[in-house]
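Structure first, then comments.
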Amino acid sequence: MSERTLKYAHAIREAMSAEMRRDPAVVLFGEDVGAYGGVWGVSRGMHVEFGDRVFDTPISEDLIVGMAVGMAMRGMRPIAELQYADFVFCAGAEVFLSAATYRYVHDGAFTLPMVVRMACGGGGFGPEHSQSTEAYLMHTPGLRVAVPSTPADAYGLTIAAIRSDDPVFVLEHKLLYGMSGIVPDDHVTELGRAVVRRAGTHCTIVAWHDMLRRALAAADLLDHDGIDVEIIDPVTLNPFDFETVATSVRKTGACMVVEEAPRTLGVGAEIGARLMEEAFGYLDRPLVRLAIPDVPVPTAEHLVDSLVPSVDDIVAAARGLVGKR
Amino acid sequence: MSERTLKYAHAIREAMSAEMRRDPAVVLFGEDVGAYGGVWGVSRGMHVEFGDRVFDTPISEDLIVGMAVGMAMRGMRPIAELQYADFVFCAGAEVFLSAATYRYVHDGAFTLPMVVRMACGGGGFGPEHSQSTEAYLMHTPGLRVAVPSTPADAYGLTIAAIRSDDPVFVLEHKLLYGMSGIVPDDHVTELGRAVVRRAGTHCTIVAWHDMLRRALAAADLLDHDGIDVEIIDPVTLNPFDFETVATSVRKTGACMVVEEAPRTLGVGAEIGARLMEEAFGYLDRPLVRLAIPDVPVPTAEHLVDSLVPSVDDIVAAARGLVGKR
Amino acid sequence: MHDGDRVGVYRRASLARRFEARVEQLAKSGEIPATLHMGAGQEVAQVAALAAMRDDDPMLYGHRGSAYWIARGMPLDSILCDIAYRDGGSNRGKGGPMHVVDVGRGVLGETGTLGGNLVIGTGVAYAEKYQRTGRVCIVFFGDGTANRGQFHEACNYAAVAKLPVIFFCENNGFGLSMPSNASSAVADLATRAAGYGMPGVVVDGADADAVHAAVASAAARARAGEGPTLIEAKVVRIGAHFLGDREAYRSTADKDDAKANDPLATLWASLDPETCAAIDAENDLLITAAVEAMRTRPMVAASTALERVYADE
Amino acid sequence: MHDGDRVGVYRRASLARRFEARVEQLAKSGEIPATLHMGAGQEVAQVAALAAMRDDDPMLYGHRGSAYWIARGMPLDSILCDIAYRDGGSNRGKGGPMHVVDVGRGVLGETGTLGGNLVIGTGVAYAEKYQRTGRVCIVFFGDGTANRGQFHEACNYAAVAKLPVIFFCENNGFGLSMPSNASSAVADLATRAAGYGMPGVVVDGADADAVHAAVASAAARARAGEGPTLIEAKVVRIGAHFLGDREAYRSTADKDDAKANDPLATLWASLDPETCAAIDAENDLLITAAVEAMRTRPMVAASTALERVYADE
Ligand SMILES: Cc1ncc(C[n+]2csc(CCOP(=O)(O)OP(=O)(O)O)c2C)c(N)n1
Ligand SMILES: Cc1ncc(C[n+]2csc(CCOP(=O)(O)OP(=O)(O)O)c2C)c(N)n1
Ligand SMILES: [Mg+2]
Ligand SMILES: [Mg+2]
């Protein structure tokens, strides 16, 4: 068998299981990841196969991440789960200070082959359980940041994250857990290589996670109008494959970033600034950023829906962007 | 007396003292702020005048910020000190989640008139005691962010922060604590109004804190070469007075941002993206961002000096930027 | 407690139980979202604790159930509208049932991340003491939450600063799927109090009188300026962590045990059955009326999502 | 401890004391930066604790002094080069004296923010147990640090998971300017151990034998799979928090008291004065040689600042 059809959550489980079979240094832990299978069901059943290599921790986020640092320093390859991506702040010192700097400040005496997995995005859980915190992580030297948007990358990035000798933060999107897709066996996604998910000529759209799905849906609608967009999935945000974005923009002359995080200093800001620095002559229209306006994520889904860029928003913005040519 | 010459640290002390005299709801607390006077000496002597309204807390950063939230909810106007701006992560959940969302998520049932003061920048203390964490805060809806760069603004912004009904994070720069300057009495700095620190025509430089001081020094050198730069101090980053920056760039056609934080997703990224969105036609050259390359801040001063933009770096970059016209 | 007080506890605890059963029905039918964490098994302790406080004593509640709000007299329809994201609730869809608020009744909301309540509650207590209001803050939280760093920082500081706060831990034996004896090696979390120099008390959460007495004496102590108390009420979680949790991690025996030791049944058994029946009939009318009222309300307008981030909005 | 061991403790503790005095001189003269937190008063406890461990047992040290590294046999000139930001140290200016490292000697560095050591050390202990190395991790930290949330999360988990770790708290009576009795209402921080279900031990940090015995038994316990121990050594801080701290917050009596109770003097008094004098003469030669060696080294190259952020660099 050279490929399987898997759901995103299942693909992550398969990836972790495959690595755990291969390498006894890998363990998985966090709140409710054992018998419960994780609040998102990602590790369901793994404790049966792997026994206490899949273990529950108390509700102690600083411990979860700090422990991963210590384990990684001593030759293990820990996978820590935080239930929500917002909880990077519950483990703030250990994420942004310890994990990010422990290697550097000890001048390379340690590598930190650790993974922190967490669920981001979506609605219904309020402002402390819905954030997509990738921009905070991307501003932090020392941390790798992966944003799988398909079951194949959910698999391949999880494998790559486990094998990486750096701390890799994998943001899994809640609304994608149930998404099905083809997962090639032995697929390892390269960290730092963006993928053109749809080739096009009229404008470049950069999007990931659920926003990528929406952008692809928008592209189909735009196609009917004769608007042909190119869609880029960055796959990882650190390293960030800016070259692929720049190449696309040099061709299309226009760029839109769609993201599920506050607009100010969202990832789109960095993309915009780099385009201005490195692809200045090629842009013939202003950048467009679709993002959450600068408010916290409310609880009610219909409020969240009103804030997060929709397929229609993307269609309208792309029309505007292309019309301005 | 309508003005005084004060050092930056002293100006902050005077501001806090003035507000504490005026309003009994104001208190100051944090680690070593009492008898010790604060690790930076900012509150030296205040406990003598104000007794237990200036009080020490244990080494418990989550408590310090969380307590400020609770006090603010109940009619007080707490000023909390974190010894270093990096420690926003030691209080991560209370800063980025509680302080940022408690009002919003309870639909305005509370206002949170709280101030968190902290020292940023500089060298000699390593990657967990040297960061300028303003970009993290600026990406967080619900938090106001102030960056005083002169004794007058150290005074005026501290007053404004205390009087504000929102959580205001004031980043004080370590290398500026000893800087002297004129402080007008009763000076209240408006939150959200940038200041043109030097008028010029050839390019716009946005800088704050020590980078502003360096930019001003660079401007003098550039002047000898006939290069006339305009320098903008944003004063606050949330609210951010983009209009003043845009107006300047519409005049000069070129923009450089200088900052003491990692380049990727530093504040310069947002300025770049907004220029691209809102002043697109007026830019005739690419944006320039001078910042710390994407590495943690090392400990040794001479290593830090090699990373942080210097006066010479600014001069060279401005020459390049203007030469490219 | 007097007999009358005990009846009062029953009235509110039973209302919460029946109300939540109705919420569960409505959620299962899809009429409202399924976001409330059910409080069944913990209502008696919650209501008895609050009965020992003044009505304006500030409280930060836990995420488990509606009894906290009911005990403070919040109208059911308002609570239901918060759960349903409809107009007429307290937070207009921003916070849903996790962030019900009523400052006038001392209902000060809750942090979404566990542990925040304890440090914020310590700040509230500081303000009460500073302003000499004579009020005492009560903070509710679970056994799982007692393992967060904030628990430690708050307990330690409140004790050394002698702040008027009661840390009320509802030990229901689980933090989501994790049994308390797997999350900590200590049997009684209240023993931690000694490490902060404050009293720690274990009470049977099925014994309304015991809970009431423990809280009353902690409140008196706090009001007298003697500082905080850590109270641990042993309670049972009759239902799942939330709707949709199938509790595969939990033995049937444990579930049966919880049901067999239902504190509300114990309280009921100590009271006159006819009084209880009459109360429950009244409660059911209140619930029906609240559901009707909720149904007349529209969903909150999407525009609210942009409001009240900052003070001037 | 045997007499010989006690002499060994003296040799290393006294070396640390004399070395730091020289560091202070060099710093005051401006030759090297003044960034070390002096350990005077705490060296005996630190060295005695490490003497009770194996040489390859991993350690996360505290920020107070050089004795931890000296106890593990790190060369003085390497330590001095780290302090001076010169080539020849362990972290080439990246970390200075806060982040001295020598993995082969079990010196695993330190977090810059207090408390990180405890959770990271818990992870280290997890790895030792998982890999069945038989090693025990020791984590040093101060009384002030015991009030950080990480202390709580680490102690609780290490105890319930029975991890091979020793939490060694050096209670020197101050967290910077804050007296321990103002930062916590509990007199002995070791009492907190009971709240985690692990043993808590208070020892006199001036009594090398007592410290050694406490650590030896904690290590044996940990190696036997019985889990962690919290040890609190009562020590004195003879000097200021750091150079430049004028200790205005501290009474002269307290300072005098600390000096009068100098553990190194106590240890010295229990040993043969001639032996001690001979050791100190040898130590001074080591120090002089280290200073000479440091002086031959250039400052680390600025280019190092860009290296080793990620694994492939
Ligand atoms: C910091 C943090 N970690 C995890 C969660 C997710 N979570 C919500 S409730 C819960 C279980 C809480 O257990 P406990 O404190 O015992 O309360 P109970 O649910 O039993 O009432 C968890 C893990 C959270 N909201 N915040
Ligand atoms: C989280 C954090 N808060 C504050 C500091 C600043 N700081 C460094 S040492 C110190 C005092 C520590 O006291 P203690 O733990 O008792 O150790 P001691 O200095 O007495 O050896 C403080 C407040 C820090 N480094 N990290
Ligand atoms: Mg529980
Ligand atoms: Mg101390």
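Hydrogens, waters and symmetry mates are skipped; everything else that's a heavy atom, side chains included, is used. Within every chain, numbering begins at 1; the chains are lettered A, B, ... in the order of the sequence lines, protein sequences first and strands thereafter. Just so you know, these numbers come straight off a predicted model, no measurement behind them.
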Original post:
How close do A:G268 and B:A273 get, heavy atom to heavy atom, and via which atoms?
Top reply: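 Heavy atoms of A:G268 and B:A273 come nearest at O-CB, 4.5 Å.
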If you tally heavy-atom pairs under 4.5 Å against chain B, which of [options] wins?
options                        : result
A:G92, A:G272, A:P141          : A:P141
A:D107, A:T133, A:V95, A:L265  : A:L265
A:A269, A:P293, A:A135, A:G266 : A:A269

Is it the side chain or the backbone of [X] that comes within 4.5 Å of chain B heavy atoms, both, or neither?
X      : value
A:A100 : backbone
A:Q131 : side chain
A:T140 : both
A:L283 : both
A:Y136 : both

Original post:
So does A:Y282 have more than 12 non-hydrogen atoms from other groups sitting under 6.0 Å from OH?
Top reply: no
Can you measure from [atom1] ([X]) to [atom2] ([Y]) and round to the nearest 0.5 angstrom?
X      : Y      : atom1 : atom2 : answer
A:L143 : B:D294 : CG    : CG    : 11.5 Å
B:D86  : A:F96  : CG    : CZ    : 12.5 Å
A:Y104 : B:T299 : OH    : OG1   : 8.5 Å
A:F240 : B:T264 : CZ    : OG1   : 9.5 Å
A:M276 : B:R285 : CE    : CZ    : 11.0 Å

Original post:
Is any residue of residues 118-126 of chain A within less than 4.5 Å of chain B by heavy atoms, and which ones?
Top reply: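 So far as heavy atoms go, nothing in residues 118-126 of chain A approaches chain B to under 4.5 Å.
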**OP:** Considering only heavy atoms and a distance below 4.5 Å, find which of B:A91, B:P127, B:G281, B:G142 pairs most often with chain A.
**Re:**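 The residue among B:A91, B:P127, B:G281, B:G142 with the greatest pair count is B:P127.
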Original post:
Among B:E278, B:R263, B:E61, who wins on heavy-atom pairs under 4.5 Å with chain A?
Top reply: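 Going by pairs under 4.5 Å, I would pick B:R263.
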Subject >> Toward chain A, the part of B:F89 with a non-hydrogen atom under 4.5 Å >> reply: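 Both parts, backbone and side chain.
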May I have the list of side-chain donor-acceptor pairs in residues 301-308 of chain A shorter than 3.5 Å, sequence neighbours left out?
residue	atom	partner	partner atom	Å
A:H302	NE2	C:V300	O	2.8
A:S306	OG	A:L303	O	2.6

